[in-house]
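Below, chain A is the first sequence line, B the second, and so on; all start at residue 1. As a basis for the values below, the full set of heavy atoms in this structure was taken, side chains included, without hydrogen atoms, waters or symmetry mates.
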There are 2 protein chains.
Amino acid sequence: MKKEELLKKIGEQIRVIRIEKGLTQKQLAHLIGKDQQSIQRLEAGNINPSYIYLCEIANGLNVSLLDILNRLSA
Amino acid sequence: MKKEELLKKIGEQIRVIRIEKGLTQKQLAHLIGKDQQSIQRLEAGNINPSYIYLCEIANGLNVSLLDILNRLSA
DNA sequence: ATATCGCACAACGGATACGTTGTATTGAAG
DNA sequence: CTTCAATACAACGTATCCGTTGTGCGATAT
């Protein structure tokens with residue numbers, strides 16, 4: 001699977017979960033000490049986030065990283 | 001959970017799986033177009049690998065990233 | 001003794017992530 | 001119409017990743 005597709009997919013999944021939780025990009029960003037633009041780039045698949053970054057996102061969304069990845073295959 | 005602990009844990013888990021598969025650091029590295037030192041730093045928890053990097057590692061180990069993360073909690 | 005293999009650590013450089021600022025668009029609210 | 005919230009994109013600087021080279025150390029074998 002191509003790199004860009006992987007990044008797009010996980011970005012989209014993060015967006016879905018964020019919206020399910022009723023959060024804006026800005027709110028999620030501030031929950032984990034980042035800013036809105038960072039979340040935007042992540043959701044758009046424009047960056048290749050680090051493991052720690054993904055853990056922080058999962059934390060802000062109040063789910064586990066496993067949950068996020070599990071939902072990718074579904 | 002602290003960043004260093006997270007990196008150490010996933011590094012150790014990757015090492016366990018690599019050894020289960022009977023691979024050396026060098027062999028795993030070459031399977032995915034990297035070098036032995038990169039694997040060493042990853043396993044030692046000295047780097048914060050990107051999502052794509054983790055996908056490549058999982059690929060080289062012939063498991064899914066989900067498998068690796070699943071075994072972290074166990 | 002020396003060669004080889006697996007693993008560890010340090011340093012350098014190019015590439016990239018990510019925080020920040022600035023700006024544009026869209027839609028809802030007043 | 002104006003205002004504000006939410007999202008998107010671009011550019012810049014700093015920090016970090018990761019590939020690479022070189023070095024070392026222990027274990028095993030010849």
[N] [atom2] sits how many Å from [X] [atom1], rounded?
{"X": "Y51(B)", "N": "dT16(C)", "atom1": "OH", "atom2": "P", "value": "19 Å"}
{"X": "R41(A)", "N": "dG19(C)", "atom1": "CZ", "atom2": "P", "value": "7 Å"}
{"X": "I47(B)", "N": "dA15(D)", "atom1": "CD1", "atom2": "C1'", "value": "16 Å"}
{"X": "L54(B)", "N": "dC18(D)", "atom1": "CG", "atom2": "P", "value": "9 Å"}
{"X": "I39(A)", "N": "dT7(D)", "atom1": "CD1", "atom2": "C1'", "value": "13 Å"}

E43(B) or N48(B), whichever maps to the more 5' nucleotide of DNA chain C: E43(B)
Is N46(A) atom CG crowded by more than 12 heavy atoms from other residues, nucleotides or ligands, each under 6.0 Å away? yes
Just to confirm, is there a sub-4.0 Å distance from OP1 or OP2 of dT16(D) to any side-chain nitrogen or oxygen of S50(B)?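 So the side-chain polar atoms of S50(B) never come under 4.0 Å of the phosphate oxygens OP1 or OP2 of dT16(D).
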Once you apply a heavy-atom cut-off of 4.0 Å, does Q36(A) come out as touching a base, just sugar-phosphate, or nothing? base
Out of [options], which nucleotide sits closest to the side chain of [X]?
{"X": "N46(A)", "options": "dT20(D), dC9(D), dC18(C)", "value": "dC9(D)"}
{"X": "Q40(B)", "options": "dC9(C), dC9(D), dC18(D)", "value": "dC9(C)"}
{"X": "Q37(B)", "options": "dC18(C), dA8(D), dT20(D)", "value": "dT20(D)"}
{"X": "K34(B)", "options": "dG19(D), dC9(C), dG19(C)", "value": "dG19(D)"}

Sequence neighbours excluded, the answer for salt bridge (charged side-chain N to carboxylate O under 4.0 Å, His left out) partners of K26(A) is none
Answer yes or no: is there a side-chain heavy-atom contact under 4.5 Å between D67(A) and L61(A)?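 Result no, sub-4.5 Å side-chain heavy-atom pair not found.
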May I ask you to test the Y51(B)-L42(A) pair for a side-chain heavy-atom distance under 4.5 Å? no
When Watson-Crick pairs (N1 to N3 and N6-O4 or O6-N4) and G-U wobble pairs (N1-O2 and O6-N3) count only below 3.5 Å on both distances, what is the dot-bracket string of DNA chain C, with | for other-strand pairs? ||||||||||||||||||||||||||||||
Might you point out which heavy atoms bring Q36(B) and A29(B) nearest each other, and give the distance in Å?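 Looks like N-CB, 3.7 Å.
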Counting only non-hydrogen atoms, which of residues 6-30 of chain A are less than 4.0 Å from DNA chain C?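 Of all residues in residues 6-30 of chain A, none places a heavy atom under 4.0 Å from DNA chain C.
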